Amino acid sequence: MEQLLNSNISSVQNIFYNYIQKQGVFKDKNALTSSFIPSNIQHRENEIKQLSLMIAPMLKGFQTSNIFIYGKCGTGKTMSSRFVLNQLESASKEHKTHPLKSIYVNCKMKKVADTEYRLLTQFLKELGENVPDTGLPTDVLYRRFFDRIENGNTSLIIILDEIDTLYRKIGDEFLYNLTRINTELKKNHITIIGITNDISFKDNLDARVRSSLSEEDIIFKPYDAIQLKDILMMRSTKGFVDGAINEDVISKCAALAAQEHGDARRALDLLKVAGEIAERLGDSIITEKHVDMAEEKIDMDRIYEIIKLQPKQSQIVLYCIIKMTKRQNDNKKWVDKRVLTGDVFDEYVKICNNTNMKVLTLRRVSDLIKELDMLGIIDTRVISKGRYGRTKEIFLTINENMIEKTEKQLESHIF
DNA sequence: AGTCCACAGGAAGGGCAGGCGA
DNA sequence: TCGCCTGCCCTTCCTGTGGACT
């Protein structure tokens with residue numbers, strides 16, 4: 001027994017020793033993450049200039065317009081905004097101008113920034129106030145927030161990233177209240193920068209919110225394959241050791257990401273994960289084979305992550321959708337196979353009864369299906385079947401060769 | 001043209017847990 | 001301790017709807 005333990009220790013120690021000794025492919029892995037803000041942001045010079053000009057008056061204590069930034073994911077919206085605000089704050093400190101503070105909130109963060117109360121506590125905490133996570137009336141929080149800004153000596157810039165998610169969750173009352181607070185402030189000001197990838201989002205807003213919130217717009221166009229390659233080349237130089245990666249591999253990552261609406265985040269992920277896979281396999285050079293493996297791993301990880309975070313009822317609903325989709329023995333291509341809400345619900349009831357789970361109503365299951373759609377794991381479309389009623393067609397968006405793995409993963413959670 | 005189906009999805013509210021402040 | 005507040009998950013009730021069928 002003791003001998004077995006010792007052999008385990010020595011094998012693990014060996015892995016660590018080899019890792020330390022071996023020259024890996026990474027020089028600075030951080031440079032390959034999407035949260036890394038480089039000192040030189042490529043192909044976004046115009047947008048950065050535009051944004052800087054819009055918020056520069058804050059340095060002299062003037063009120064500036066609220067700004068809306070549009071662009072698909074991975075087009076550099078967040079990175080450019082954070083870059084400009086970092087520069088703005090340091091300019092303010094360096095030249096001792098009107099003091100400024102910026103707060104960045106990703107509205108997609110569940111349990112952090114998805115309700116009015118949570119957002120206000122987040123703002124207050126950033127401003128140094130101690131507020132409980134629950135318990136206080138919302139109007140008390142608004143008052144504290146107002147007092148803090150009015151009686152403090154800093155103006156505030158709030159970046160609301162993925163603002164469309166916030167709107168879908170809590171409506172536009174919160175945004176309206178923020179703009180109202182701003183009109184009542186005398187000494188300091190708030191500027192709101194809303195970031196979204198939904199170009200039509202603004203149309204949904206109440207007219208009074210739209211007029212005050214979206215005074216200036218900036219649109220970030222998707223990167224093309226050449227621009228993506230430039231970005232990846234620059235990041236690779238920082239991120240990988242010399243000779244670990246060649247131009248062909250970078251081109252492949254750029255081309256794959258360009259197919260997905262020029263998503264730089266995806267391109268960087270591919271590069272980083274390909275590097276990790278190469279390292280794990282003991283290869284000192286990253287090849288196109290590693291990129292292929294990285295592509296599959298990223299997609300699978302995303303699905304696992306979504307599944308893991310879903311409540312059990314939602315997992316059962318997804319499991320039923322997969323089972324019903326697989327059950328179709330027609331000649332249709334996988335992407336054309338679809339199931340209907342009613343069929344999913346019938347299957348759901350059966351599974352709940354078999355597993356002694358509480359059976360939720362059709363109304364609730366319908367909402368769970370909608371949530372899965374929003375997560376991008378399924379696609380839905382409302383259709384009419386004439387006198388046989390109206391329902392929802394549900395398509396799986398999971399890659400066909402990942403279905404089995406996803407199903408097994410769900411089974412391990414449910415049963 | 002009217003009927004009818006099978007839901008979609010909005011609104012309201014119940015019930016529970018967690019937390020605050022007097 | 002108790003009243004009040006919030007978030008969260010859920011149900012109930014209801015109206016709306018597109019198009020096949022009569």
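Within every chain, numbering begins at 1; the chains are lettered A, B, ... in the order of the sequence lines, protein sequences first and strands thereafter. As the structure is a prediction and not an experimental result, all values here were calculated from the model.
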If you compare every side-chain N and O of [X] against the phosphate oxygens of [N] (OP1, OP2), does one of them come in below 4.0 Å?
{"X": "A/Arg364", "N": "C/dC10", "answer": "yes"}
{"X": "A/Ser366", "N": "B/dA8", "answer": "yes"}
{"X": "A/Thr341", "N": "B/dA6", "answer": "no"}

### Task
Could you name each residue pair satisfying salt bridge (charged side-chain N to carboxylate O under 4.0 Å, His left out) that touches residues 147-156 of chain A, not counting sequence neighbours?
A/Glu129-A/Arg148
#### Entry: Listed once per pair and sorted, the salt bridge (charged side-chain N to carboxylate O under 4.0 Å, His left out) pairs that draw on residues 381-391 of chain A, sequence neighbours left out
A/Arg381-A/Glu393
## Note on the structure
Residues passing the salt bridge (charged side-chain N to carboxylate O under 4.0 Å, His left out) test with A/Lys229, sequence neighbours excluded, are A/Glu247
### Task
List for me each residue that meets salt bridge (charged side-chain N to carboxylate O under 4.0 Å, His left out) alongside A/Lys308, sequence neighbours excluded, and say none if there are none.
A/Glu305
### Task
Under 4.0 Å from any atom of DNA chain C, heavy atoms only: list the residues of residues 342-358 of chain A that qualify, in numerical order.
A/Lys358
To the nearest Å, how far apart are [X] [atom1] and [N] [atom2]?
{"X": "A/Leu120", "N": "B/dG19", "atom1": "CG", "atom2": "P", "result": "19 Å"}
{"X": "A/Leu368", "N": "B/dA8", "atom1": "CG", "atom2": "P", "result": "12 Å"}
{"X": "A/Tyr142", "N": "C/dT6", "atom1": "OH", "atom2": "C1'", "result": "14 Å"}
{"X": "A/Leu340", "N": "B/dC7", "atom1": "CG", "atom2": "C1'", "result": "10 Å"}
{"X": "A/Ile369", "N": "B/dG9", "atom1": "CD1", "atom2": "C1'", "result": "13 Å"}
{"X": "A/Leu360", "N": "C/dC9", "atom1": "CG", "atom2": "P", "result": "11 Å"}
{"X": "A/Leu119", "N": "C/dG7", "atom1": "CG", "atom2": "C1'", "result": "14 Å"}
{"X": "A/Glu371", "N": "C/dC9", "atom1": "CD", "atom2": "P", "result": "8 Å"}

#### Entry: Contacts of type side-chain contact (heavy atoms from CB on, under 4.5 Å), residue A/Gln50, not counting sequence neighbours
A/Met54, A/Ile218
### Query
Under 6.0 Å from the six-membered ring centre of A/Phe26 and within 45° of its axis: does the NZ or CZ of A/Lys29 meet both?
yes
### Task
Write out all pairs satisfying side-chain hydrogen bond (donor to acceptor under 3.5 Å, both in side chains) with one or both partners inside residues 230-239 of chain A, taking only residues at least two apart or from two chains.
A/His43-A/Asp230
### Query
Could you give all pairs that pass the side-chain hydrogen bond (donor to acceptor under 3.5 Å, both in side chains) test and reach residues 355-365 of chain A, with sequence neighbours left out?
A/Arg363-A/Asp367
### Query
Where the side chain of A/Val382 is concerned, which of B/dA8, C/dT12, B/dG21 is the nearest nucleotide?
B/dA8
### Task
Would you mind telling me which of C/dC10, C/dC13, B/dC7 lies closest to the side-chain atoms of A/Leu362?
B/dC7
### Query
With a 4.0 Å cut-off on heavy atoms, is A/Val365 in touch with a base, just the backbone sugar-phosphate, or nothing at all?
nothing
### Task
Give a yes or no answer on whether the side chain of A/Asn182 reaches the backbone of A/Ile190 with a donor-acceptor pair at less than 3.5 Å.
yes
### Task
Determine, for nucleotides 15-22 of chain C in 5'-to-3' order, which nucleotides have protein heavy atoms under 4.0 Å from the base (write B), from only the sugar-phosphate (write S), or from neither (write -).
-BBBBBSS
